[in-house]
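Each remark here refers to the structure printed beneath this line.
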Amino acid sequence: MGKNRIMCLICAVILLVAPMKVSANELPHSEVGMQEEETDIRILTTEEAERLYHKLTSNGGIQPYSDLGLCEIIISKSEGKLLVVYSASCHGIASKIGVRNMTLQQKNGMKWKNLVIRSEYSENTDAYFGGFIVEKPEIGGKYRVKGTHYVVKDSVETSRYAETDVYTMPAN
């Protein structure tokens with residue numbers, strides 16, 4: 001152990017004594033201005049965003065980029081139980097819609113322990129709903145849910161990964 005301390009001390013001295021050169025470059029002003037001019041972005045008002053959202057979701061003249069619509073994961077508590085509910089929706093009818101590897105994890109020290117892993121789907125519908133209940137969760141335990149929502153429509157699969165924030169199970 002004495003050799004390790006001596007090596008650490010030598011490395012620390014070298015870092016303090018050895019000259020180091022640090023430099024940073026900036027873009028010339030003409031390039032910065034050019035980048036700003038090339039980016040033509042207009043922020044939507046709330047009303048514009050709502051109008052466009054309704055157009056996209058109802059296929060009223062604008063084709064959505066993805067058939068996969070809203071994807072949600074909800075983690076909560078009720079009567080001392082831990083509730084997990086997830087859903088996926090589709091623009092139109094999907095041949096298959098569901099979730100893959102929807103995983104409830106509990107923090108175990110520095111690692112996450114998998115408690116439940118679900119892969120489920122529905123056929124020939126525009127929505128999927130699933131979930132589970134942990135009957136006796138650990139009070140103060142830290143949980144999260146992560147997984148992939150997916151839809152298969154016209155033989156094309158679209159998927160979206162989602163993950164919740166860490167949820168700490170409160171006392172009743």
Side-chain angles (χ1 to χ4, degrees), residues 31 34-172:
E31 288 182 29
M34 211 163 70
Q35 279 183 328
E36 290 174 0
E37 290 173 13
E38 290 176 9
T39 305
D40 189 18
I41 297 174
R42 181 176 65 86
I43 305 301
L44 297 174
T45 66
T46 303
E47 293 80 16
E48 289 173 318
E50 182 179 2
R51 184 172 28 83
L52 287 172
Y53 172 82
H54 289 298
K55 270 188 172 181
L56 287 168
T57 57
S58 67
N59 288 333
I62 298 175
Q63 286 296 323
Y65 174 72
S66 167
D67 286 319
L68 191 55
L70 218 60
C71 298
E72 294 184 293
I73 304 173
I74 299 169
I75 185 169
S76 187
K77 74 162 186 103
S78 176
E79 299 174 4
K81 299 174 184 177
L82 181 67
L83 309 175
V84 175
V85 179
Y86 37 86
S87 67
S89 67
C90 177
H91 301 288
I93 301 297
S95 56
K96 202 181 225 187
I97 184 170
V99 296
R100 275 196 200 96
N101 301 320
M102 194 58 67
T103 306
L104 171 65
Q105 297 180 315
Q106 182 178 14
K107 187 87 174 203
N108 187 5
M110 296 299 289
K111 297 181 179 181
W112 288 97
K113 175 184 171 186
N114 293 343
L115 300 179
V116 178
I117 301 174
R118 304 286 300 165
S119 293
E120 314 167 318
Y121 64 90
S122 296
E123 294 179 323
N124 302 317
T125 186
D126 64 349
Y128 170 78
F129 299 92
F132 43 85
I133 297 173
V134 177
E135 297 286 338
K136 297 179 183 177
E138 178 185 323
I139 302 301
K142 297 187 181 311
Y143 297 89
R144 73 177 179 190
V145 182
K146 62 181 187 172
T148 302
H149 299 81
Y150 74 97
V151 62
V152 178
K153 185 177 173 192
D154 301 326
S155 299
V156 175
E157 181 175 316
T158 306
S159 63
R160 185 175 305 141
Y161 175 82
E163 185 174 309
T164 65
D165 289 334
V166 175
Y167 179 80
T168 304
M169 186 66 187
N172 286 341

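Note that the numbering runs from 1 along the sequence shown for the chain.
- With sequence neighbours left out, Val116 forms a side chain to side chain contact (heavy atoms under 4.5 Å, CB included) with Leu104, Arg118, Phe132.
- Judged by the 6.0 Å and 45° rule, Arg100 forms a cation-pi pair with Tyr150.
- Contact of the Val145 side chain with the Met102 side chain is registered, since non-hydrogen atoms from C-beta on lie closer than 4.5 Å.
- Taking 4.0 Å as the cut-off between side-chain N and carboxylate O, Lys81 and Glu135 count as a salt-bridged pair.
- Considering all non-hydrogen atoms of both residues, Ser76 and Leu82 come closest at O-CD1, 3.4 Å.
- Annotation: side chain of Asp126 is not in contact with side chain of Ser89 (no heavy-atom distance under 4.5 Å).
- Residues that satisfy the side chain to side chain contact (heavy atoms under 4.5 Å, CB included) test with Gln105, not counting sequence neighbours, are Thr103, Trp112, Asn114, Arg144, Lys146.
- In this structure, Tyr143 and Thr168 have side chains that are not in contact, with every pair of non-hydrogen atoms separated by 4.5 Å or more.
- Taking each heavy atom of Arg160 and Cys71 in turn, the nearest pair found is NH1-SG, 3.5 Å.
- Salt-bridge check for Glu138 with Lys107: failed, with every basic side-chain N at 4.0 Å or more from each acidic carboxylate O.
- Rounding to the nearest 0.5 Å places CD1 of Ile93 at 5.5 Å from OG1 of Thr125.
- Between Ser119 and Asn101 the shortest heavy-atom distance is OG-N, 2.9 Å.
- Note that CG of Asp154 and OG of Ser95 are 8.0 Å apart. Values are rounded to the nearest 0.5 Å.
- If you take NZ on Lys142 and CE on Met169, they are separated by 13.0 Å, rounding to the nearest 0.5 Å.
- Tyr128 has its side chain out of reach of His149: every pair of non-hydrogen atoms, C-beta onward, lies at least 4.5 Å apart.
- A heavy-atom distance below 4.5 Å is not found between the side chains of Tyr86 and Phe129.
- In this structure, OG1 in Thr164 is found 13.0 Å from CD in Glu72, a value given to the nearest 0.5 Å.
- Using a distance-only test at 3.5 Å, with no hydrogens or angles considered, no donor-acceptor pair links the side chain of Ser159 to the main chain of Thr148.
- Checked against side chain to side chain contact (heavy atoms under 4.5 Å, CB included), Thr45 has the following partners two or more places apart in sequence or in another chain: Glu47, Glu48.
- Considering all non-hydrogen atoms of both residues, Leu83 and Ser78 come closest at CD1-CB, 3.5 Å.
- Between Ala88 and Ile97 the shortest heavy-atom distance is O-CD1, 3.5 Å.
- The line from OG of Ser87 to CD1 of Ile73 is 9.0 Å long, rounded to the nearest 0.5 Å.
- The shortest distance between side-chain heavy atoms of Cys90 and Lys153 falls below 4.5 Å.
- The structure places CD1 of Ile133 at 14.0 Å from NZ of Lys77, a figure rounded to the nearest 0.5 Å.
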